[in-house]
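Numbers restart at 1 for each chain; the letters A, B, ... are given by sequence-line order, proteins then strands. Note that the structure is predicted; figures quoted are calculated from it, not measured.
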Number of protein chains: 2
Amino acid sequence: MLAEHRGFVPLNRDGLVDRVAKTLVDAILAGGIPPGERLAESTIAKQMDLSRAPVREALRLLESSGLVEYRTNRGFFVKVVSVTSMADLYDLRILLETAAIRRLTEINADVALPALRAQVAELHRLAGEGDDLMAHVSADMQFHRLICEHSGNQRFLQLFDQIANETKLGLLVIGRLYDDPHEMAGTHDPIVEAVALGDANRAAGAIDYHIRVAKEMVTQHFHDQQEGKPE
Amino acid sequence: MLAEHRGFVPLNRDGLVDRVAKTLVDAILAGGIPPGERLAESTIAKQMDLSRAPVREALRLLESSGLVEYRTNRGFFVKVVSVTSMADLYDLRILLETAAIRRLTEINADVALPALRAQVAELHRLAGEGDDLMAHVSADMQFHRLICEHSGNQRFLQLFDQIANETKLGLLVIGRLYDDPHEMAGTHDPIVEAVALGDANRAAGAIDYHIRVAKEMVTQHFHDQQEGKPE
DNA sequence: GTCAAGAAGATTGTCGACAAACGACAAATC
DNA sequence: GATTTGTCGTTTGTCGACAATCTTCTTGAC
């Protein structure tokens with residue numbers, strides 16, 4: 001009953017809001033909609049050939065995952081990522097993931113270890129494959145998600161999912177962190193090894209270091225960019 | 001109850017969704033709507049004398065603060081608090097607040113200390129005042145909120161606000177944790193003292209202990225209740 | 001008496017329309 | 001010329017109606 005002409009229209013009636021949200025997330029993360037850009041409800045609705053109601057709800061969803069900002073009577077905007085917001089985000093991730101991997105190592109290592117190893121293998125496979133930035137970032141995040149998933153605390157995973165998209169956005173705004181994707185994949189090895197040894201402290205230290213390095217690179221890139229174009 | 005039709009103040013229509021949300025939060029936390037209860041949009045809309053649209057948005061807001069659960073095609077329900085969800089929540093709070101108070105002590109103690117002291121004084125004042133459970137819980141949470149607020153990481157505060165209402169809901173479902181409200185107020189003293197000394201480790205240890213004790217009491221209460229009525 | 005299929009009722013999902021608010025630009029005032 | 005005021009087009013805010021879906025109750029077969 002709904003026409004499927006235009007653009008990238010998802011068209012099963014089931015879970016429409018979720019599909020609209022996903023479409024928007026993909027568009028934002030693909031760089032199709034730059035940070036700061038306004039997201040007019042009627043424009044999106046027209047493009048997807050549906051009414052504003054589901055679009056509005058989808059945008060509210062994106063808001064709670066931090067990709068989008070809402071201002072009363074002004075509408076939704078793609079969130080602008082600043083160096084401090086990214087630094088704060090990485091500090092939170094350090095908290096979350098060190099705690100998660102501690103628990104994982106202590107109570108769930110045998111189940112989690114194969115999954116982590118498989119994901120690292122996937123990272124190396126992708127590294128040999130090509131240089132699809134989005135794919136590398138997603139696979140990296142999936143590794144970190146696995147850690148939260150197997151932490152035994154559902155809320156850890158929930159929190160991770162809440163901040164994952166924003167992290168991705170930050171990484172994609174920056175571009176490439178590592179010149180060699182194999183090097184990036186390799187930075188995960190010490191974490192897995194520590195888990196394999198059953199050494200929770202070492203695992204926590206390894207992931208702390210891993211994320212801390214990433215944070216430094218990210219903040220460095222931001223400073224470079226700001227100097228590059230001081231507007 | 002609401003829907004100010006009398007008088008001439010229809011200009012105050014600004015932030016309607018927020019006001020609806022607040023009304024609902026108050027109702028839930030006051031126990032007016034028990035956990036598991038369905039929140040029918042049209043019923044609420046009728047009671048507040050407005051249409052379903054703003055009600056729906058308000059409910060989505062509550063969802064992101066964890067007070068309410070949404071199921072596709074079934075609607076919104078007041079979230080049922082379980083012993084594991086509460087335990088997970090308290091573990092997350094331990095993570096968050098130990099880190100927050102570390103940072104506070106190291107970089108912001110002089111500004112934060114007066115605020116913390118004032119809040120403890122307020123706790124004691126309320127303890128002498130009477131036994132309004134909701135007031136005690138709110139004042140307690142405000143103390144913990146101050147810690148996140150002065151942590152220097154905006155995201156810590158954001159996360160705290162996200163889980164604060166759910167914590168309150170859990171506490172109110174249980175009822176009273178401490179027999180003597182003065183005792184409850186007193187448990188905050190070691191935290192403030194450690195901050196005053198500028199000892200971040202000690203402060204972190206103090207709040208870790210503080211929250212851990214609360215967690216034990218909460219889980220204990222839940223187990224007692226479940227035994228009481230095994231359904 | 002139990003169970004399944006289906007009708008009836010209630011609730012959510014989506015829509016198009018209108019009202020209110022905002023932002024930009026033109027006109028008026030000093 | 002600078003500031004204020006007025007107007008207009010665009011976008012969000014809210015609404016009532018209808019379609020799709022779920023729940024409950026009825027009915028009938030076994």
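- Within the structure, every side-chain polar atom (N or O) of B:Tyr70 is placed at least 4.0 Å from both OP1 and OP2 of C:dT11.
- B:Arg74 has a side-chain polar atom (N or O) that falls below the 4.0 Å cut-off from OP1 or OP2 of D:dT23.
- Checked for salt-bridge contact, A:Lys22 and A:Asp18 miss the test: no charged N lies under 4.0 Å from a carboxylate O.
- Each of A:Ser51 and B:Glu41 lies near DNA chain C, and the nucleotide nearest B:Glu41 is the one positioned closer to the 5' end.
- Look at CD1 on A:Ile44: it is 17 Å from C1' on C:dC15, rounded to the nearest Å.
- Taking 4.5 Å as the limit, some side-chain heavy atom of B:Thr219 sits within range of a side-chain heavy atom of B:Glu216.
- Rounding to whole angstrom units, CZ of residue A:Phe77 and P of D:dT12 are separated by 8 Å.
- When rounded to the nearest whole Å, the span between CD of A:Glu63 and P of D:dT12 equals 14 Å.
- If you take CZ of A:Arg71 and P of D:dT11, they are 15 Å apart, rounded to a whole angstrom.
- The CG atom of B:Leu16 sits 14 Å away from the C1' atom of C:dA19 (whole-angstrom rounding).
- The phosphate of C:dG13 (OP1 or OP2) has a side-chain N or O of B:Arg56 nearer than 4.0 angstrom.
- Rounded to whole angstrom, the span from the CZ atom of B:Arg38 across to the C1' atom of D:dT24 amounts to 12 Å.
- Rounded to a whole Å, the CZ atom of A:Phe76 is 22 Å from the P atom of D:dT10.
- Contact annotation: the side chain of B:Ile174 never approaches that of B:Met86 to less than 4.5 Å [non-hydrogen atoms, C-beta and beyond].
- Classification of the B:His210-B:His188 ring pair by plane angle, with boundaries at 30° and 60°, yields tilted.
- The CG-P distance, from B:Leu59 to C:dG13, rounds to 11 Å in whole Å.
- The existence of a salt bridge linking B:Arg125 and B:Glu129 is confirmed by a sub-4.0 Å separation between a basic side-chain nitrogen and an acidic carboxylate oxygen.
- Nucleic acid contact for B:Arg52: base, since at least one base atom lies under 4.0 Å from a heavy atom of the residue.
- Among the nucleotides C:dC22, D:dC22, D:dC15, the one closest to any side-chain atom of A:Asn73 is C:dC22.
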